[in-house]
There are 2 protein chains.
Amino acid sequence: MSVRERKERERAQRHRLIVSTARELAEAHGWDAVTTRRLAEQIEYSQPVLYGHFRGKKEIVGAVALEGFAELTTALRTAVAEGPAGREAVAALARAYTGFAADNPALYDAMFSLDNGLPFADEATPAPLREAFGALLDPLVDHAHPDEPGLFVETFWAALHGLVTLTRAGRLPADRVPDRLALLVGRFVPK
Amino acid sequence: MSVRERKERERAQRHRLIVSTARELAEAHGWDAVTTRRLAEQIEYSQPVLYGHFRGKKEIVGAVALEGFAELTTALRTAVAEGPAGREAVAALARAYTGFAADNPALYDAMFSLDNGLPFADEATPAPLREAFGALLDPLVDHAHPDEPGLFVETFWAALHGLVTLTRAGRLPADRVPDRLALLVGRFVPK
DNA sequence: GGCTCGATGCTAGCACCGCTAGACAATAGA
DNA sequence: TCTATTGTCTAGCGGTGCTAGCATCGAGCC
């Protein structure tokens with residue numbers, strides 16, 4: 001029996017190794033550099049081993065993304081918990097979100113830009129995604145129309161996401177990011 | 001002399017054929033399906049012919065995107081010109097923008113999501129891009145802080161772009177798009 | 001302790017990708 | 001008509017994600 005347990009343990013460890021290696025590779029050289037060959041070489045196994053753990057590359061991206069949602073939740077919660085409530089909390093939330101994206105560009109891509117196969121806004125949506133949405137919702141719910149808090153959060157989130165992606169792609173100059181963020185918060189949470 | 005002119009004419013025509021075929025192929029089956037082999041087969045030439053017109057695939061995407069910016073400008077201008085000024089003009093603008101993205105998904109990708117090599121927010125930015133930005137700016141400028149109209153437009157645009165991309169990727173449910181749009185306009189142009 | 005057999009990871013290869021070198025044919029101009 | 005140039009093609013390079021089928025290794029049974 002114990003042999004089987006050991007094998008399962010080793011298998012789980014290798015599973016984590018694949019995910020963390022993919023993430024490191026992506027963060028270091030971009031997702032284009034994360035090929036099955038390079039990934040296999042890094043973990044010192046042959047390519048087909050990857051397919052014993054994941055259906056394909058998309059599922060590996062999804063596994064990395066799932067890590068990201070857990071970390072994003074933590075980042076948002078701590079940023080809001082530290083400061084005062086109300087409008088300043090929303091500003092802190094926005095800064096934490098864009099900061100997270102700037103600090104973990106490849107991770108952010110896996111979560112929101114690449115095809116990761118994860119179901120959003122669905123009954124099958126994994127818990128980490130729901131929790132991240134919750135972390136976004138809580139500081140905002142006071143400022144939304146009471147009938148439609150979800151709609152408000154979705155729209156605010158979309159605005160943040162738009163700023164992140166357009167800035168990262170060089171479509172918006174990076175130097176004015178804090179100003180755009182302040183403008184956004186000012187419009188969504190007037191005082 | 002005339003021979004040379006004819007050749008140039010034929011060359012220009014083939015140039016346009018490549019761009020329009022790439023666009024049709026992308027709109028029909030997505031940009032992943034636009035491979036140099038398929039594109040060459042469609043225009044009934046061999047692959048290397050494409051490289052006599054464009055440096056590579058990225059430049060073809062850029063050519064398609066440039067068409068898109070011209071069309072987007074027209075779409076935004078007509079939408080605003082038809083209706084009344086003020087707040088309703090902004091709502092019309094927002095609807096026209098998201099409508100354009102929904103009607104021409106592949107074109108929108110070429111313009112804003114894919115790497116098309118076009119320089120944004122730069123002294124080398126091509127005229128069609130500047131004009132599209134202008135079409136976005138004009139109806140908004142009255143509602144912005146007078147010192148920073150550009151910042152206001154950029155942020156509003158980013159919000160629209162975020163809504164478009166998250167909806168298209170299935171990260172936001174598509175059915176509530178008009179409601180999110182109304183909420184966005186309401187927050188950016190309060191009255 | 002030796003043997004069998006199933007699990008496991010490997011090599012090799014498929015069809016496709018973007019891109020290009022070099023052979024060849026068509027054609028314009030002398 | 002001959003030559004030089006222009007234009008287009010075939011073939012191929014090094015890469016991609018993914019998989020069939022073989023070989024090896026080790027766990028469990030006699």
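In what follows, every heavy atom counts, from backbone to side chain, and hydrogens, waters and symmetry copies are set aside. So that the names make sense, note that chain A is the first sequence line, chain B the second, and so on, each numbered from 1.
At most 12 heavy atoms of other shown residues, nucleotides or ligands fall within 6.0 angstrom of atom CZ in B/Arg55. For B/Glu10, the CD atom counts as densely surrounded, since its 6.0 Å shell holds more than 12 non-hydrogen atoms of other residues, nucleotides or ligands.
One N or O donor and one acceptor, one from the side chain of A/Gln47 and one from the base of D/dC18, sit under 3.5 Å apart. Put simply, the side chain of A/Arg37 and the base of D/dG15 share no donor and acceptor less than 3.5 Å apart.
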Evaluate B/Leu183 against B/Asp179 for side chain to side chain contact (heavy atoms under 4.5 Å, CB included), listing each step before the verdict. CA-CA 6 Å; B/Leu183 194 155; B/Asp179 296 323; over 6 Å; no

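The separation between B/Glu41 atom CD and D/dC9 atom C1' is 15 Å, rounded to whole Å. Here C/dC10 presents its P atom at 8 Å from CZ of A/Arg14, a figure rounded to the nearest Å. The CD-C1' distance, from B/Glu10 to C/dA28, rounds to 14 Å in whole Å. Atom CD in A/Glu59 sits about 10 Å away from atom P in D/dC18, given to the nearest Å. Rounded to an integer number of Å, the gap from NZ of A/Lys7 to C1' of C/dG9 is 11 Å. Counting to the nearest Å, the C1' atom of C/dA21 and the OH atom of B/Tyr51 are 14 Å from each other. Going from atom CG of A/Asp115 over to atom P of D/dG17 covers 14 Å, rounded to whole Å. The separation between A/Leu50 atom CG and C/dT11 atom P is 14 Å, rounded to whole Å.
A cation-pi arrangement is absent between B/Arg168 and B/Tyr108 under the rule of less than 6.0 angstrom and at most 45 degrees off the ring axis.
Using a 4.0 Å heavy-atom cutoff across all strands shown, B/Gly52 reaches no nucleic acid atom at all.
The main-chain N or O of B/Ala40 is never found under 3.5 Å from a side-chain atom of B/Gln47 such that the two would form a donor-acceptor pair.
Within the structure, every side-chain polar atom (N or O) of B/Thr36 is placed at least 4.0 Å from both OP1 and OP2 of C/dC19. Proximity of B/Ser46 to the phosphate of D/dT8: no side-chain N or O atom is located under 4.0 Å from OP1 or OP2.
Closest to the side chain of A/Tyr45, out of D/dC18, C/dG18, C/dC10, is C/dC10. In the set C/dT20, D/dT8, C/dG9, C/dG9 carries the atom at the smallest distance from any side-chain atom of A/Val49. Comparing C/dG18, C/dC17, D/dT8 against the side chain of B/Arg38 picks out C/dC17 as the nearest.
Using a 4.0 Å cut-off between charged side-chain N and carboxylate O, A/Glu148 and B/Arg176 make a salt bridge. Using a 4.0 Å cut-off between charged nitrogen and carboxylate oxygen, B/Arg95 and B/Glu88 count as a salt-bridge pair.
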Return the polar atom pairs (N/O with N/O) between nucleotides 20-24 of chain D and the protein under 3.5 Å, or none.
none

